[in-house]
Number of protein chains: 2
Amino acid sequence: MTVRPVSIEDTPLIDALSRVIGRHGFEGASLQLLSDAAGLKRASLYHRFPGGKDEILAAALDRAAERFAVMLAPAFDEGNPGDRAALVAERIDEYYDGGQESCLIVALTLADDERRSMAAPCLSAWADAFAAIAVDAGVAEAEAIERGQDLVAQLEGALVIASSTGDRAPFRRAIARLARALTSPSVL
Amino acid sequence: MTVRPVSIEDTPLIDALSRVIGRHGFEGASLQLLSDAAGLKRASLYHRFPGGKDEILAAALDRAAERFAVMLAPAFDEGNPGDRAALVAERIDEYYDGGQESCLIVALTLADDERRSMAAPCLSAWADAFAAIAVDAGVAEAEAIERGQDLVAQLEGALVIASSTGDRAPFRRAIARLARALTSPSVL
DNA sequence: GGTCTATTACCGAACGATCTGTTTGTTATG
DNA sequence: CATAACAAACAGATCGTTCGGTAATAGACC
């Protein structure tokens, strides 16, 4: 077996690159910015990702899907729906660092149609996880699905506001309300 | 007085340019794309906007502020808060074409820090207008402000979802719920 | 242990292409 | 005659990408 004297491991590397794409968008994330954030020269990035920017984006999306799966896992566990919702809310808060972190999904909104649709599965998984909790809390399925979507929208919008104005209060409120909004028997 | 044989008037020109910036972001909106959307060659765009892309962005933001003022005007009228909210909701729905239109504010989220902050006043005006309606409906001021922000987040997030997945249902629901959410005496 | 070789990560330098920003001159319109 | 629009080109920067070379390590062989 060969030994690889890497200067930065794959996981933190991809996380750093994801942050740049999330903050500047796919087109705005120039190799210069990516290189700076990674601590690797442009040519070295091509050694890690021979497919160029597209492969970097694919890696970022794979990593996002992986992190989303962990983040949303409690939604599909057994147990009290309220507790599961609270745990998911806590992990979402961690993932987005209390609203400071920008969202890769939002960033891809400004890319080509092809790349824009790459984020859709993440969004669906998110809404589905919320809906699963609501269903377990006794909410009718049709309404549970709507609530899931709407609460994802609430969080995404709060992230946009945080990015634009720096005000993280809407995100904090959305996180704080999440469990109640998912499990409440009445309308949202 | 001079005569100006323009091929496209300022207002529709700026609207077309705004759409391009909203869809591709400021960096992604190359002069090629802007030129195509405007039906004017690059050199002609420089004739209309001698300051280049920055002047185009400034014009787009001025126009957005103007359209926002019209859209939100009923919030500061007199009369039934519920009716005013419904009227504002209708105009928001028009502005974003039922969720099809992408939001310039979201697009600027991915720009430089300087340009990113340019969208903040629009966002504040929006939330303030919502808050004004809620206050007139008898909601305590502190909660009214929060509701305003949260409902803006709901709408922005719904626009993100529409951009990503093409599903405009969350936006439609947010519009439909707006008046009730603003004027309801209970919590959101 | 010492030496060779293969493999790997990384980097410097350059490539062609595209972008922004601008200029000059021409055509067309009112 | 003034203005709008265009064609064509320019420099300079930056884009994504490729190629060749360097340093460092691992295993093989003596």
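Below, all heavy atoms of this structure are taken into account, side chains as well, without hydrogens, waters or symmetry copies. The structure displayed is predicted, hence computed values, not measured ones. Order of the sequence lines sets the chain letters (A, B, ...), proteins ahead of strands, with each chain counted from 1.
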inquiry  = Can you pull out every side-chain hydrogen bond (donor to acceptor under 3.5 Å, both in side chains) where at least one residue sits in residues 18-30 of chain B? Sequence neighbours excluded, please.
reply    =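 The answer is none; no pair qualifies.
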What side-chain donor-acceptor pairs closer than 3.5 Å can you find for residues 65-72 of chain A, not counting sequence neighbours?
from    : atom 1 : to      : atom 2 : distance (Å)
A:Glu66 : OE2    : A:Arg63 : NH1    : 3.2

query = Which salt bridge (charged side-chain N to carboxylate O under 4.0 Å, His left out) pairs, counting each pair once, include a residue from residues 72-86 of chain B, with sequence neighbours left out?
reply =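 Qualifying pairs: B:Arg84-B:Asp136.
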key: Pairs satisfying salt bridge (charged side-chain N to carboxylate O under 4.0 Å, His left out), at least one member in residues 112-134 of chain B, at least two apart   =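 Applying salt bridge (charged side-chain N to carboxylate O under 4.0 Å, His left out) to every pair that reaches into residues 112-134 of chain B, excluding sequence neighbours, yields B:Asp54-B:Arg115, B:Asp112-B:Arg115, B:Asp113-B:Arg116.
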Nucleic acid footprint by protein, nucleotides 13-20 of chain D - heavy-atom cut-off 4.0 Å, B for base, S for sugar-phosphate alone = --SSBBB-
Euclidean distance, atom [atom1] of residue [X] to atom [atom2] of [N] [Å, nearest integer]:
X	N	atom1	atom2	result
B:His47	D:dA2	NE2	C1'	10 Å
B:Leu45	C:dT23	CG	C1'	16 Å
B:Glu55	C:dT20	CD	P	16 Å
A:Lys41	C:dA13	NZ	P	11 Å
A:Ile8	C:dA9	CD1	C1'	13 Å
B:Asp36	C:dC19	CG	C1'	14 Å
B:Ile21	C:dT20	CD1	P	11 Å

query = Are B:Ile175 and B:Leu155 side-chain neighbours, meaning at least one heavy-atom pair lies under 4.5 Å?
reply =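 Result yes, sub-4.5 Å side-chain heavy-atom pair found.
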ask   = Do A:Asp150 and A:Phe130 come close enough that some side-chain heavy atom pair is under 4.5 Å?
value =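 The answer is no, as the side chains (C-beta and beyond) never meet within the 4.5 Å cut-off.
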task = Please state whether the phosphate of C:dA9, meaning OP1 or OP2, lies under 4.0 angstrom from any side-chain nitrogen or oxygen of A:Ser44.
result =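 Indeed not, no polar side-chain atom of A:Ser44 lies that close.
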Going by atom type alone, with no hydrogens or angles, which donor-acceptor pairs under 3.5 Å involve a side-chain atom of residues 93-111 of chain B and a protein atom two or more places apart or on another chain?
from     : atom 1 : to       : atom 2 : distance (Å)
B:Ser102 : OG     : B:Gly22  : O      : 3.4
B:Thr109 : OG1    : B:Ile105 : O      : 3.3
B:Thr109 : OG1    : B:Val106 : O      : 3.3

inquiry  = Report for the helix from C:dG1-D:dC30 to C:dT20-D:dA11: angle between first-end and last-end helix axes, five pairs each, rounded to 10 degrees.
reply    =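 That helix has its two terminal axes inclined by roughly 10°.
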Identify all side-chain donor-acceptor contacts of residues 161-168 of chain A below 3.5 Å with residues at least two apart in sequence or on another chain.
from     : atom 1 : to       : atom 2 : distance (Å)
A:Ser163 : OG     : A:Leu159 : O      : 3.4
A:Thr165 : OG1    : A:Ile161 : O      : 2.9
A:Thr165 : OG1    : A:Asp167 : N      : 3.1
A:Asp167 : OD1    : A:Ala169 : N      : 2.9
A:Asp167 : OD2    : B:Gln149 : NE2    : 2.7

Contacts under 3.5 angstrom, residues 32-52 of chain A side chains, donor-acceptor by atom type, not counting sequence neighbours:
from    : atom 1 : to      : atom 2 : distance (Å)
A:Gln32 : OE1    : A:Arg42 : NH1    : 2.9
A:Gln32 : NE2    : A:Asp36 : OD1    : 3.2
A:Ser35 : OG     : A:Leu40 : O      : 2.4
A:Arg48 : NH1    : A:Ile8  : O      : 3.2
A:Arg48 : NH1    : A:Asp10 : OD1    : 3.2
A:Arg48 : NH2    : A:Ile8  : O      : 2.6

